[in-house]
Amino acid sequence: MRYPPGKLLLGSLLIMLSACSQQAMPLPTPTALPSRYSRIPSTAQKMGPENDPFPPLLHNAGWEQPQPMPGPVNSAGGEDSPFITPDGSNFFFFFTPDVTLPADRQLTDGVTGIYQSNLRDGNWTEPERVLLSEGLALDGCPMIVRNQLWFCTVREGLTGLHWFKATFDFGIWGDWQQADFNPDYQVGELHISADGTELYFHSNRPGTQGKNDLWVSLLANGVWGEPENIAAVNSPEDDSRPFLSEDGQELWFTRIYQGYPAVYVSYRIDGEWTEPILIVSQFAAEPTLDREGNLYFVHHFIQDGVMLDADIYLAKKKQ
C-alpha cells in the first residue's frame, strides 16, 4: 500500500518476510509476561480526535461519526489488524508498543503480538496476550471461524511468512498448526466465511490488476481450490484486507482513496458482487463488523508524514 512513512503496522510484517461462539471466550491464562504498557516509549504521544490532523471522514449516512473504540484497547502504542466476533463479545487485535519501529525490531520485547479483550457487563476487559508459540514468533492478522483462530506468523524453524490456525479448547488457544494452503496461492491477509467454505484474501499473485487484488478460494472435498479474482470488486488501486459479513452478503475491504487507505464495501446481489461503495476514508483501514453492523477499523494519526499513534475506531450502525 502507498502510505506516507507509517504504513499499516501488520502490513510491514507481511512485507518483511454462524461461525463464532455466542458466549465470551475466556481470556488466555496470565503468564509472567510484561505489561504491554511497560514497553511503550515514554516519548509516545497518545492521540485522539481533539488533536488529529486527519480525522476519519465518513461518506455514508448509515453509520454514526467514527470515534475511538471505548475501553482499554487503545493505548499510546500501536493497535492494528482488528477482528470482532459476530456476537460482539470477543475482540482481537495486533499490538506493538512503538509505532516508529518495524514490528520485527520489537520481536523480543515480550508484548508484541495478538491480544484479546472480552465484553463483560457492557465493558471491554483489559486485553491479554494470546500466546501461540513456545519459541520466538511474530504473530498477527487474527481472525476467528467457529472455534479456530487463524493468524499469520513468522517463527523459528520456518522461512518467510506462514498462516497458522489454533483451536480453542479447555480455556486456551492451543494445538496450533500450519494451515493447508497451496503456497502458490500467495495468500495475504484473509477472511473465511462463517460456514468455512470460502476463503477471501488479498494478493499480488499473477492476474492481479493493481498492487493487490481480492481473491476467493472455495473449499471442496477438504481442499482449497484455485483462487478466483473478484474482478467486480478489484481496481487498479491497492485492494486488500477483506472482511466478509456473517451472512456472506457484504465484502468489506481496504482501498487507496486519494492517496490514503479507506474502507469500502461491496454487496452480493443475486450471487454477484456490486460496485464497491466508499464508507470511511483518511487513514481508515482493515474493517471488521459485528452482526449489528457496527464498523471497527484501524485509524492512523499522521503528522508531517510521520505516524504518531494507531488506534481502533468504531462507527456505530444507525438503527
Side-chain angles (χ1 to χ4, degrees), residues 8-10 13 20-21 23-41 44-48 66-99 101 103 106-133 137-144 147-153 164 166 168 171-174 176 189 243 285-290 294-301 307 309-314:
L8 293 181
L9 301 177
L10 215 33
L13 164 60
C20 302
S21 169
Q23 299 181 353
M25 301 171 183
L27 289 169
T29 302
T31 67
L33 291 173
S35 162
R36 66 181 179 132
Y37 303 106
S38 68
R39 297 294 191 259
I40 297 175
Q45 182 179 358
K46 184 72 199 85
M47 302 291 288
Q67 296 293 331
M69 180 178 173
V73 167
N74 291 322
S75 70
E79 288 76 35
D80 205 340
S81 197
F83 180 87
I84 192 165
T85 55
D87 65 354
S89 65
N90 303 282
F91 191 81
F92 296 80
F93 63 98
F94 174 77
F95 171 80
T96 191
D98 189 345
V99 298
L101 295 177
Q106 303 178 73
L107 174 60
T108 59
D109 61 14
V111 300
T112 291
I114 296 173
Y115 283 73
Q116 176 185 347
S117 177
N118 291 338
L119 190 64
R120 292 178 179 165
D121 300 323
N123 298 305
W124 290 105
T125 59
E126 180 64 37
E128 296 283 352
R129 178 88 179 273
V130 180
L131 293 176
L132 298 164
S133 173
L138 188 56
D139 301 325
C141 328
M143 71 84 51
I144 307 292
N147 68 332
Q148 288 190 324
L149 168 63
W150 294 70
F151 61 100
C152 61
T153 182
F164 270 58
F168 190 75
I172 61 171
W173 292 103
W176 49 78
E189 290 196 32
F243 173 88
E286 301 194 78
T288 181
L289 292 87
D290 59 31
N294 299 309
L295 168 63
Y296 298 77
F297 62 92
V298 177
H299 175 61
H300 288 178
F301 298 86
M307 189 197 303
D309 196 3
D311 282 345
I312 308 302
Y313 265 55
L314 166 64

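All heavy atoms count here, side chains included; hydrogens, waters and symmetry mates do not. Worth saying up front: this structure is predicted, and the values here are computed from it rather than measured.
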Worksheet item: L295 and P287: which non-hydrogen atoms are nearest, and at how many Å?
Response: CD1-CB, 3.7 Å

Worksheet item: Ignoring hydrogens and geometry, is there a side-chain-to-backbone donor-acceptor pair from T288 to I84 under 3.5 Å?
Response: yes

Discussion item. A side-chain contact here means heavy atoms from C-beta on lying under 4.5 Å apart; do S133 and T153 qualify?
Written reply: no

Worksheet item: Do the side chains of C141 and F151 get nearer than 4.5 Å, heavy atoms only?
Response: no

Fill in: Distance (rounded to the nearest 0.5 Å) between M143 CE and F92 CZ
11.0 Å

Worksheet item: Roughly how far, to the nearest 0.5 Å, is CG of D80 from CZ of F297?
Response: 12.5 Å

Worksheet item: Do NZ/NE/NH1/NH2 and the carboxylate oxygens of D311 and K46 come within less than 4.0 Å?
Response: yes

Worksheet item: How many angstroms lie between CZ in F164 and CG in L132, if you round to the nearest 0.5 Å?
Response: 10.0 Å

Worksheet item: Would you say R39's side chain and V111's backbone share a donor-acceptor pair under 3.5 angstrom?
Response: no

Fill in: Flag, side chain of R36 to backbone of R129, donor-acceptor distance under 3.5 Å
no

Discussion item. Keeping Q106 on the side-chain end and D98 on the backbone end, is there a donor-acceptor pair under 3.5 Å?
Written reply: yes

Worksheet item: Quick check: does any side chain N or O of T96 sit under 3.5 Å from a backbone N or O of A103, one acting as donor and the other as acceptor?
Response: no

Discussion item. For a quick test of reading the model, state the closest non-hydrogen atom pair linking M47 to D309 and the distance between them.
Written reply: N-OD2, 3.2 Å

Fill in: Minimum side-chain heavy-atom gap S81-E189 below 4.5 Å
yes

Item to complete: Show your reasoning for whether ring-ring contact (aromatic ring centres under 6.0 Å, His included) applies to F301 and H299.
Response: CA-CA 7 Å; F301 298 86; H299 175 61; 4.9 Å; yes

Worksheet item: Shortest non-hydrogen contact from G77 to I40?
Response: N-CD1, 3.6 Å

Worksheet entry | Chi angles and distances behind the ring-ring contact (aromatic ring centres under 6.0 Å, His included) call for F91, Y296 | CA-CA 10 Å; F91 191 81; Y296 298 77; 5.6 Å; yes

Worksheet entry | Stepwise side-chain contact (heavy atoms from CB on, under 4.5 Å) check, N90 with I144 | CA-CA 10 Å; N90 303 282; I144 307 292; over 6 Å; no

Practice prompt. Output yes when a side-chain donor or acceptor of N118 lies under 3.5 Å from a complementary backbone atom of R120, and no otherwise.
Written response: no

Worksheet item: How long is the span from the SG atom in C152 to the CD1 atom in I114, to the nearest 0.5 Å?
Response: 7.0 Å

Practice prompt. Measure the acute angle between the ring planes of F83 and F243, then classify it against the limits of 30° and 60° as parallel, tilted or perpendicular.
Written response: tilted

Practice prompt. Could you grab the distance from atom CG of L119 to atom OG1 of T125, nearest 0.5 Å is fine?
Written response: 8.5 Å

Worksheet item: For W176, which residues count as a ring pair (Phe, Tyr, Trp, His ring centres under 6.0 Å) partner, sequence neighbours excluded?
Response: none

Item to complete: Starting from the C-alpha separation in whole Å, work towards a yes-or-no answer on side-chain contact (heavy atoms from CB on, under 4.5 Å) for L107 and T112.
Response: CA-CA 6 Å; L107 174 60; T112 291; over 6 Å; no

Item to complete: Check the pair D290 / D87 against side-chain contact (heavy atoms from CB on, under 4.5 Å), numbers first and verdict last.
Response: CA-CA 6 Å; D290 59 31; D87 65 354; over 6 Å; no

Practice prompt. Using side chain to side chain contact (heavy atoms under 4.5 Å, CB included) as the criterion, list what pairs up with N123, not counting sequence neighbours.
Written response: none

Practice prompt. Nearest 0.5 Å please: distance from the CG atom of N74 over to the CZ atom of F93.
Written response: 8.0 Å

